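Worth saying up front: this structure is predicted, and the values here are computed from it rather than measured.
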Amino acid sequence: MLNSSGVRTQRRNTRPLSVGEMDCLEPKTKNNLTGKLLLIASLIILAIIVISQASSFTSPSVFSQREEGVTHVLVTGGAGYIGSHAALRLLRDSYRVTIVDNLSRGNLGAVKTLQRLFPQTGRLQFIYADLGDPAAVEKIFSENAFDAVMHFAAVAYVGESTLYPLKYYHNITSNTLEVLEAMARHKVKTLIYSSTCATYGEPDKMPITEDTPQVPINPYGKAKKMAEDMILDFSKNSDMAVMILRYFNVIGSDPGGRLGEAPRPELREQGRISGACFDAARNFIPGLQVKGTDYKTSDGTCIRDYIDVTDLVDAHVKALEKAQPQKVGIYNVGTGKGRSVKEFVEACKKATGVEIKVDFLPRRPGDYAEVYSDPTKILKDLNWTARFTNLQDSLQVAWRWQKIHPHGYASY
């Protein structure tokens, strides 16, 4: 076909292009097609992900099913100092463990350590939740098949409790009620309750037995006693197996060096004397403050019963093993020997090898002069006795962890 100038014009080719001819497309057309292909591929990948996730949602978790020969224990406060050591012992003894903690006092690093030690499916799970949230508590119990609960979760500083009493009643008493109600609804049959010698207050005579009258003198002890009373009242018309362990002053750490005590920096002033000793030995603080030198004791300082955390968790496991339906066991967990704060400080100096500076100050509100246990009953019923009773040895074990982890679990 000729135009007016005699040049033949090309007829437009309208036939479809084969795949092999696609590289001859104009750039704009090529880009559009490439984009469409990428979109289709993305949609296919997205569909595969959604389908796989949907199947995992419908597949029941191993933690939601009871398994013959496996005891599933809920450890509340399992990211804390004592709770994490209890979880470690349970996992070593082949229990299935669920840790619930809101990390207000606990350490995620402790949980990560346990996860590294026990990575196998169905051994350990961690749930971040607050026991003061009824919906969260119900969800936890409805989605998991627990055989027992070890209830450690609690704020636990005597001095702090005198400053913020309502916080302690809410966190200890109210939250224990939430746990107890959930256990009843979901037919969880065993409760091991972590209580304290603070429920006794300042008894007229030593040592303290389980029959010593409970007359707590600070909100911490009062809140714990209220929680005990609720549990005891409930147990009268229940077939639940209940063990209440009233323990004394906890020290030490895992002999294997995997876990230790790492209170948050803002809570150090309220914390245990062992933590203050170690902080002073590392010059984190200028010296150790001993509060109260005018008590009616041999050297004027408070006398306490110091129990190694390894012994304490052993008592919890023995209580779990011996718990019987429709029965309540109440036990003091201590060494049966009282040591003064001055004795403790000298042992800490020897354990750390540091001549710690000590400042003697007035009494701390809510403290009592002398408290130590009579462990006769727990020996008779549970065949438990404290094994790690040398103060200096327990402090040396704890000091080794502190030196390796000067900032606690901050590096985890």
Take Tyr193 and Thr176, measure what side chain to side chain contact (heavy atoms under 4.5 Å, CB included) needs, and give me the verdict at the end. CA-CA 9 Å; Tyr193 183 61; Thr176 298; 3.8 Å; yes
Among Glu228, Lys224, Lys222, Lys225, which residue meets the side-chain hydrogen bond (donor to acceptor under 3.5 Å, both in side chains) test with Gln214?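 Only one of Glu228, Lys224, Lys222, Lys225 forms a side-chain hydrogen bond (donor to acceptor under 3.5 Å, both in side chains) with Gln214, namely Glu228.
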Report yes if some heavy atom in the side chain of [X] is under 4.5 Å from a heavy atom in the side chain of [Y]; otherwise report no.
X	Y	answer
Ser194	Tyr247	yes
Ser274	Leu395	yes
Arg282	Lys403	no
Ser253	Gln402	no
Ile192	Thr190	yes
Val250	Tyr81	yes
Phe344	Arg339	no
Val309	Ile251	no

In this structure, is the centre-to-centre distance between the rings of [Y] and [X] below 6.0 Å?
X	Y	answer
Tyr409	Trp401	yes
Phe63	His72	yes
Phe146	Phe141	yes

For [Y], is there any backbone N or O sitting under 3.5 Å from a side-chain donor or acceptor partner on [X]?
X	Y	value
Asp308	Thr310	yes
Thr199	Thr196	yes
Trp384	Asp311	yes
Thr173	Ala223	yes
Asn390	Asp393	yes
Ser161	Pro165	no
Thr76	Ala153	yes
Ser235	Leu232	yes

First locate atom [atom1] of [X], then atom [atom2] of [Y], and finally report the distance between them rounded to the nearest 0.5 Å.
X	Y	atom1	atom2	value
Leu74	Ile99	CG	CD1	9.5 Å
Tyr331	Ser195	OH	OG	14.5 Å
Lys112	Phe126	NZ	CZ	10.0 Å
Thr212	Asp374	OG1	CG	8.5 Å
Ser84	Asp254	OG	CG	9.0 Å
Glu321	Asn383	CD	CG	10.5 Å

Determine whether Val149 and Met183 satisfy the following criterion, side chain to side chain contact (heavy atoms under 4.5 Å, CB included), listing intermediate values before the conclusion. CA-CA 8 Å; Val149 175; Met183 290 180 68; 3.8 Å; yes
Is [X] salt-bridged to [Y], cutoff N-O under 4.0 Å?
X	Y	answer
Lys337	Glu343	no
Asp314	Arg89	yes
Glu370	Lys296	no
Arg246	Glu210	no
Lys139	Glu143	yes
Asp147	Arg66	yes

Any idea which heavy atoms bring [X] and [Y] closest together, and the distance?
X	Y	value
Asn218	Thr162	CB-CG2, 4.4 Å
Ala87	Leu114	CB-CD1, 3.9 Å
Ala154	Asn171	CA-OD1, 3.2 Å
Asp101	Ala79	OD2-N, 3.1 Å
Gly221	Pro216	C-CB, 3.5 Å
Asn175	Gly132	OD1-CA, 3.3 Å

Side-chain H-bond candidate by donor/acceptor type, [X] with [Y], under 3.5 Å:
X	Y	result
Glu138	His186	yes
Tyr128	Asn102	no
Asp299	Ser340	yes
Tyr306	Thr335	no
Asn332	Tyr200	yes
Asp305	Ser373	yes
Gln392	Glu346	no
Glu160	Tyr220	no

Verify the neighbour count for atom [atom1] of [X]: are there more than 12 heavy atoms of other residues, nucleotides or ligands below 6.0 Å?
X	atom1	value
Phe284	CZ	yes
Asn237	CG	no
Lys322	NZ	no

Please determine if Arg363 forms a cation-pi arrangement with Tyr295, meaning its NZ or CZ atom is less than 6.0 Å from the six-membered ring centre and no more than 45° off the ring axis.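 Because its charged atom sits under 6.0 Å from the ring centre and within 45° of the axis, Arg363 does stack over Tyr295.
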Criterion side chain to side chain contact (heavy atoms under 4.5 Å, CB included) on Lys349 and Val354, from CA distance to verdict: CA-CA 5 Å; Lys349 288 179 180 180; Val354 177; over 6 Å; no
How far apart are the C-alpha atoms of Val242 and Lys327, what are their side-chain angles, what is the distance that settles it, and do they pass the side chain to side chain contact (heavy atoms under 4.5 Å, CB included) test? CA-CA 6 Å; Val242 174; Lys327 292 187 178 180; over 6 Å; no
